[in-house]
Protein chains: 2
Amino acid sequence: METTGTRTDSCAAPPHPHRRPEGQDSYTISEVVAFTGLTAHTLRWYERIGLMPHIDRSHTGQRRYSNRDLDWLDLVGKLRLTGMPVADMVRYAELVREGDHTFGERFELLEATRRDVLARIAELQDTLAVLDHKIGYYAEAGRAYEVEKAG
Amino acid sequence: METTGTRTDSCAAPPHPHRRPEGQDSYTISEVVAFTGLTAHTLRWYERIGLMPHIDRSHTGQRRYSNRDLDWLDLVGKLRLTGMPVADMVRYAELVREGDHTFGERFELLEATRRDVLARIAELQDTLAVLDHKIGYYAEAGRAYEVEKAG
DNA sequence: TATGGCCTTGGAGCGCACTCCAGGCAAGCG
DNA sequence: CGCTTGCCTGGAGTGCGCTCCAAGGCCATA
């Protein structure tokens with residue numbers, strides 16, 4: 001039934017809950033679902049679009065994720081939070097697959113992303129200021145309203 | 001021809017470039033396009049979905065935006081940057097239209113948004129740390145690679 | 001008077017990031 | 001053996017936020 005339900009909405013479990021040591025790191029898709037919060041659909045979709053490295057398979061053809069894959073998914077999750085388009089992440093994944101000679105390009109991509117993140121933080125802080133201003137106003141007006149009601 | 005082209009990509013012009021004084025504040029849709037960077041399509045769409053207050057019309061039925069409308073669009077732009085869904089902004093717009101007795105609810109909505117923004121900033125700073133770490137690594141490895149090439 | 005520019009409308013279309021479906025295989029258990 | 005559970009696949013569907021289209025009105029300038 002593909003594990004619908006059990007949406008653990010606890011926002012942020014500790015980074016790596018029950019990760020197994022190198023050598024025995026072989027997780028089924030449903031374990032990865034539990035670790036990452038992504039759905040199995042999404043994990044398979046990431047693979048189809050080339051966002052994942054090659055994923056191991058069991059002798060019956062089922063996916064077996066490694067610690068390294070989990071690390072990659074961590075990074076992808078972080079980049080996703082920055083609003084980076086999936087296509088750009090795929091590009092980065094391609095560069096990684098292409099080997100050492102893409103170091104320079106990867107470096108630039110990361111730096112560009114870093115600049116984006118800084119800009120986004122600045123935007124959000126700007127928005128925060130506006131929000132604080134409005135909230136202050138509402139608190140003020142709300143107090144006046146209460147007084148009026150009471151009067 | 002609906003003004004396609006002339007994409008002024010200057011990221012952030014001063015807040016209110018050539019705003020007219022109260023009383024003469026009556027802008028055509030294309031002026032608002034120039035001010036906000038939104039398309040005319042989007043402005044009309046915002047209106048259709050109830051995200052805008054009532055917009056004045058000229059005697060021929062064309063939209064005439066006021067300074068107040070521009071302010072509202074400013075706020076909408078800021079909220080958009082936080083990732084707030086348009087539906088939530090519509091809800092806020094509805095509360096404003098409903099009058100003073102929705103003060104409390106609006107206040108709560110703003111505070112919830114504020115909390116979201118803070119959380120998002122924290123996420124981004126977390127991501128920034130990861131990025132910096134990786135960039136440091138790439139800079140290091142890149143230097144080693146250069147040395148190797150030179151040797 | 002005709003041409004062009006700017007505006008109007010309802011509704012259809014698009015790109016992104018998933019999300020789900022149908023049909024099927026392999027393993028474990030009573 | 002039959003049943004359930006968990007996973008597999010290619011492809012279709014969904015929701016959001018625009019984005020565009022076709023057909024037409026108003027008005028200024030040539």
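Just so we're on the same page: letters track the sequence lines, and every chain starts at 1.
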*Rounded to the nearest Å, what distance is computed from the CD1 atom of residue B:I29 to the C1' atom of nucleotide D:dC20?*
14 Å
*Partner of B:R64 by side-chain contact (heavy atoms from CB on, under 4.5 Å), out of B:T28, B:D25, B:V32*: B:T28
*Would you please confirm or rule out a distance under 4.0 Å between OP1 or OP2 of D:dC8 and any side-chain N or O of A:R44?*
yes
*asked:* Check this one for me: any side-chain N or O of A:R48 less than 4.0 Å away from OP1 or OP2 of D:dC8?
replied: no
*Can you sort out which residues in residues 84-91 of chain A have a heavy atom within less than 4.0 Å of DNA chain C? Ascending by number, please.*
A:P85, A:V86
*Run the salt-bridge test on B:R19 and B:D71 with the 4.0 Å N-O cut-off and return the result as yes or no.*
yes
*Start at the 5' end of DNA chain D and walk down; is the nucleotide closest to B:Q62 or to A:R64 reached first?*
A:R64
*Length of the line joining A:I49:CD1 and D:dG10:P, which is rounded to integer Å*: 15 Å
*Return no unless some side-chain N or O of B:H59 is found under 4.0 Å from OP1 or OP2 of D:dC27.*
yes
*Tell me: CH2 of B:W45 to C1' of D:dC16, nearest whole Å?*
8 Å
*Atom-pair distance (CE on A:M52; C1' on C:dC18), nearest Å*: 16 Å
*Between B:H41 (NE2) and D:dC16 (C1'), how many Å, whole number?*
18 Å
*asked:* Does a side-chain N or O of B:R63 approach OP1 or OP2 of C:dT9 to a distance below 4.0 Å, or not?
replied: yes
*Could you walk me through whether B:W45 and B:L51 pass the side chain to side chain contact (heavy atoms under 4.5 Å, CB included) test, one step at a time?*
CA-CA 9 Å; B:W45 178 67; B:L51 184 52; over 6 Å; no
*Between atom CD in A:E47 and atom P in D:dC7, what is the gap in whole Å?*
14 Å
*Got more than 12 heavy atoms from elsewhere within 6.0 Å of CZ, A:R97?*
yes
*Within this structure, what is the OH-to-P distance between B:Y27 and C:dC7, rounded to whole angstrom?*
16 Å
*With a non-hydrogen cut-off below 4.0 angstrom, is A:R80 in contact with a base, only sugar-phosphate, or nothing?*
sugar-phosphate
*So what does A:R57 touch, heavy atoms closer than 4.0 Å: a base, only the sugar-phosphate, or nothing?*
sugar-phosphate
*Using a strict cut-off of less than 4.0 Å between a Lys/Arg side-chain nitrogen and an Asp/Glu carboxylate oxygen, indicate whether B:R91 and B:E105 qualify as a salt bridge.*
yes
*Are B:L81 and B:M89 connected, step by step, through hydrophobic side chains (Ile, Leu, Val, Met, Phe, Trp, Tyr) whose heavy atoms are closer than 4.5 Å?*
no
*asked:* Quick one about A:D69 and A:S66 (side-chain donor to acceptor, distance below 3.5 Å, no hydrogens or angles considered), yes or no?
replied: yes
*Would you say a side-chain N or O of B:Y46 is under 4.0 Å from OP1 or OP2 of D:dG17?*
no
_Set out, in order, the CA-CA distance, both residues' side-chain angles and the distance that settles side chain to side chain contact (heavy atoms under 4.5 Å, CB included) for A:Y65 and A:L43, then state yes or no._
CA-CA 11 Å; A:Y65 293 82; A:L43 285 167; 3.7 Å; yes
*asked:* For a quick test of reading the model: is some side-chain N or O of B:T28 closer than 4.0 Å to OP1 or OP2 of C:dC7?
replied: yes
*Using a cut-off of less than 4.0 Å, is there contact between a side-chain N or O of A:S30 and OP1 or OP2 of D:dC7?*
yes
*Round to the nearest Å and state the distance from A:L43 atom CG to C:dA17 atom P.*
16 Å
